[in-house]
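The block underneath contains the structure these notes are about, expressed in structure tokens.
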Amino acid sequence: MNKNVIAIDGHASTGKSTLAKRLAKRLGCLYMDTGYMFRVLAYLGLKGRYITQDSLDGTALMKEVGGLHFSWTETPKGLAMAFDGKVYGDEIRTEEVSSKVSQVAALKSIRDFLLQQQRALAQDHKVIMDGRDIGTVVFPEAQFKFFMTADAEIRAERRHQELLTKGMKSDFQTVLNNVIARDQQDASRSIAPLRKAEDAIEINTGHLTVEEVEQLMLQHLQ
Ligand code: DC
């Protein structure tokens with residue numbers, strides 16, 4: 001059993017990252033957003049034109065990023081994950097990146113590459129990891145595992161509001177279609193699909209406040 005890892009898996013926009021960040025602060029752990037890692041690679045793929053509207057050249061993308069790595073780096077907000085020394089921000093949260101990232105996350109070469117880095121980054125730290133396959137593949141021996149769900153409409157509305165608050169362009173229907181498509185792709189891929197680990201605690205966050213979900217999680221952790 002690995003007592004240093006708390007795994008938080010589940011569907012997109014169920015509040016995983018908000019909860020993981022709050023718990024990390026409260027419990028003095030590092031917060032590891034594994035979706036960030038996939039997003040950075042999708043962003044670089046789009047930038048390098050290895051990913052276009054209708055094609056994805058995983059071999060070329062791996063050639064570009066395969067020699068680089070993620071590392072913890074000090075920032076004014078605390079330790080953050082940098083890739084090749086750079087910490088990424090809102091540029092990896094656009095709908096363009098969101099619409100392509102599941103395809104990148106379905107590639108075996110990319111998953112193998114990130115799996116090894118996720119395990120390495122968690123070594124010698126207490127971490128709260130948020131993702132899709134943490135409790136099933138990355139750290140199946142984690143002591144605590146949560147699996148978050150909520151209706152697609154509720155999740156899309158959250159994401160839509162989040163984008164608008166950040167001053168980014170957003171259309172509800174596009175966001176909803178994206179959320180549904182992403183769920184399907186994440187759950188149906190052959191490698192490390194999104195699914196609840198048998199021993200994970202499932203929480204439906206749809207009609208709960210952040211504080212209520214946090215309390216529920218703390219009760220389990222205690
Ligand atoms: O959590 P997020 O929306 O930022 O994740 C971005 C994408 O990466 C999402 O489509 C699922 C994928 N992902 C994954 O396959 N495995 C993980 N551990 C984390 C994210």
With the side chain counted from C-beta on, respond yes when Asp133 and Arg111 share a heavy-atom pair under 4.5 Å apart, and no when they do not. yes

Test the Lys86-Tyr88 pair against the cation-pi criterion, namely NZ or CZ under 6.0 angstrom from the six-membered ring centroid and within 45° of the ring axis. yes

| query | Does a salt bridge link Lys21 with Asp130, judged by any charged N lying under 4.0 Å from a carboxylate O? | reply | no

Contact check, side chains of Ile201 and Phe147, non-hydrogen atoms, under 4.5 Å: no

- Query: Do the charged groups of Asp186 and Arg132 touch, with an N to O distance under 4.0 Å?
  - Reply: yes

*Asp112 bridged to Lys108 by N-O distance under 4.0 Å*: yes

Would you say Leu27 and Met148 are hydrophobically clustered, going by side-chain heavy atoms of ILVMFWY under 4.5 Å?
yes

- prompt: So, do Lys126 and Ile6 sit near enough that their side-chain heavy atoms are less than 4.5 Å apart?
  reply: no

* Asked: Which class fits the ring pair Phe83 and Phe70: parallel under 30°, tilted 30 to 60°, perpendicular over 60°?
  -> tilted

Should Asp9 and Lys196 be marked as a salt bridge (charged side-chain N to carboxylate O under 4.0 Å, His left out) after you check the CA-CA gap, both sets of side-chain angles, and the distance that decides it? CA-CA 7 Å; Asp9 291 305; Lys196 177 182 165 299; over 6 Å; no

Q) Side-chain heavy atoms under 4.5 angstrom apart, residues restricted to Ile, Leu, Val, Met, Phe, Trp, Tyr: same cluster for Leu79 and Met81? A) yes

Q.
If hydrophobic clusters are built by linking Ile, Leu, Val, Met, Phe, Trp and Tyr wherever their side-chain heavy atoms come under 4.5 Å apart, do Tyr31 and Ile92 end up in the same one?
A. no

Taking the side chain as everything from C-beta on, heavy atoms only, tell me whether Leu23 gets closer than 4.5 Å to Leu218.
yes

For this session: Using a strict 4.0 Å threshold on nitrogen-to-oxygen distance, state whether Lys145 and Asp199 make a salt bridge.
Result: yes

request  = Indicate yes or no: does Arg93 engage Asp33 in a salt bridge with an N to O separation below 4.0 Å.
outcome  = yes

key: Carboxylate-amine/guanidinium proximity below 4.0 Å for Arg158 and Glu153   = no

Handout entry: Side-chain (Arg195) to main-chain (Ala187) donor-acceptor, under 3.5 angstrom
Key = no

